[in-house]
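To find a chain, count down the sequence lines: A is the first, B the second, and so on, and within it residues start at 1. In this text the structure is predicted, and so the values were computed from the model without any measurement.
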Amino acid sequence: MNEIAIAAHGLSCRYGSYEAVRDVDLTVHAGELVCLVGANGSGKSTLLSVLRGLRRPDAGTVRLLGLDPARHRTRLAPHVSFVAQDSRFTGALTAAETFHLWVGLQGRAPTEEDPPRTRVRQSPGDESSRTRFRQPSDGESSRRRGRRLLGGESSRRRGRRLLGGESSRRRGRRLLGGESSRTQVRQLSGGERRRLDLAVALAGHPRVLLLDEPTAGLDPEARDEFAATLRERRAAGAAILLTTHLANEAAALADHVLTLP
Amino acid sequence: MTGRPALTRAGALVSGLIRVVDVASARSLASDLGHALVLARAESLALLRSPLAVVNAVLSPVALGAGWLLLSERTGRGTDGDAAGMLLIFVLSFVTYAGATTALAARRADLVLIRLRATALPTAGIVLGLVAPFLLVSVVQLGLLAAVAPAAGTSAPQRWWPLVFAFAFGTLVAVALAFATAAFTSAPELAQLTTTPGVLAFAGGAFALLNLPDAGWPLLIVPGAALTELTRAAWTGDAPVWPAVLTLVVTAAATLLLTARVFRWEPRR
């Protein structure tokens, strides 16, 4: 059995007299995808906020990669992606600037899937340095290494496919084409913002993904692409916990489905 | 004699540990500063893309300051320390206080503030990144006004430290007050309303002081009056500054405490 990535025991959280989450036990291992299903107001979003350390539980314990997420919020940031129900961006920034900002603030190493012109890389042993992703430690060029790892597919094409969808190539380039993108976030549609949010969340291969209704607002094609990406991440060892209203989506994706009353 | 090698070894161990801790903490600090700069860059872009913020926080203080210098040259009133006090208060109240309050309210309404809590930035880094553009703009504006002040007949101050102290603690009070005010500002459009008492506390105290030869304790409690008293003292040279210093320190501490109690990262539900 893989290591436990997410663990909650006897978790309760209340807003005043209203008990949003009551006595929840939850375990997600590395390489496991768990779906949380529940009606509106059942406490799914609250539970994810607690798991990410944005809210302290009123009772119970939470561990993320073995750490208390409320106490080790910044330490966990490079390893944990959290996508909230609504995309949270500064409207005046462009899509590329937004991607730069949030990936940079996560303190996360890059991956080959990241949009080529928005990549950042941390040098080994130096968390503070950020340079263009050009030269991995083994001396192989990033482009060649990316192609090798991705079975011949170029990282640029894969990035576009994963993040923008083949049918919306132009839109994907506009959203995630790096500095050439001039579209401000406030001018993007809900679905485009959602894709940008997911692009930020997936950048850098986080070990834990906490996703609150991640497919809300996506078209069917983008949903399928996203589901394929999640399966790849799960196969690569990521622990994924996502909430959804869609029972069929949960059944198709998840190793386990948990229902919140 | 046997104690000396043990002491030497212990000393070497301690110094080695200190070096390791220092390197680790220096690396962590550099990383945090790097992240804060990433945020500050994004906030600067957002500031410059908002026409209202550019007018209110970038152009208005310079125009008001230049106007004050012109008037003081023509009328002979409000020169030297008084002029420096007014310029400092224009910049602190319009840029650092009102500008930062508006930005904080906007980021919280967009749920960006709570998202920042899920990043690698510690709280101090988030605060620094959010207010850094306003601090930079205020420094540039004061530099510009200081450059043109001699043309308006303003002489050089006799001592600099009260000016530096006034700027540093005035900035601290303005930033803390911005966070406190943002707690009561549900939308950025409301910031012009909610910052009015704070702007009056800065500017009103200074205007009242201009008509008085000396500030009494009641007036000194108002931040603007204490700041103006300090800038006056920079030019008069021998005027007592400790009452103003003390009140500014107490005001800063009180504002920080208030901010810690009332500030929220998420909008009220």
Sequence neighbours excluded and cut-off under 3.5 Å, please list the side-chain donor-acceptor pairs for residues 74-84 of chain A, or say none.
unit_1, atom_1, unit_2, atom_2, d
A:Ser81, OG, A:Arg108, NH1, 3.0
A:Ser81, OG, A:Arg108, NH2, 3.0
A:Ser81, OG, A:Ala201, O, 2.5

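Take B:Arg117 and apply the salt bridge (Lys or Arg N to Asp or Glu O under 4.0 Å) test, not counting sequence neighbours, and it matches no residue. With sequence neighbours left out, B:Asp32 forms a salt bridge (Lys or Arg N to Asp or Glu O under 4.0 Å) with no residue at all.
A:Arg14 places no side-chain N or O within donor-acceptor distance of the main-chain N or O of A:Ala20, the cut-off being under 3.5 Å. A:Glu192 places a side-chain N or O within donor-acceptor distance of the main-chain N or O of A:Ser189, the cut-off being under 3.5 Å.
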- [ ] Might you work through the salt bridge (charged side-chain N to carboxylate O under 4.0 Å, His left out) test for B:Glu43 and B:Arg107, ending with a clear yes or no?
- [x] CA-CA 10 Å; B:Glu43 286 299 314; B:Arg107 301 298 168 268; 2.9 Å; yes
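Interface residue A:Arg73: backbone and side-chain heavy atoms are both found under 4.5 Å from chain B. Both the backbone and the side chain of B:Leu116 come within contact range of chain A, each with at least one heavy atom under 4.5 Å from a heavy atom of that chain.
In terms of non-hydrogen atom pairs under 4.5 Å with chain B, the most contact-rich of A:Pro69, A:Ser49, A:Ala92 is A:Ala92.
Residues of residues 164-176 of chain B having a heavy atom under 4.5 Å from any heavy atom of chain A: none.
Classification of the A:Tyr15-A:Tyr18 ring pair by plane angle, with boundaries at 30° and 60°, yields parallel.
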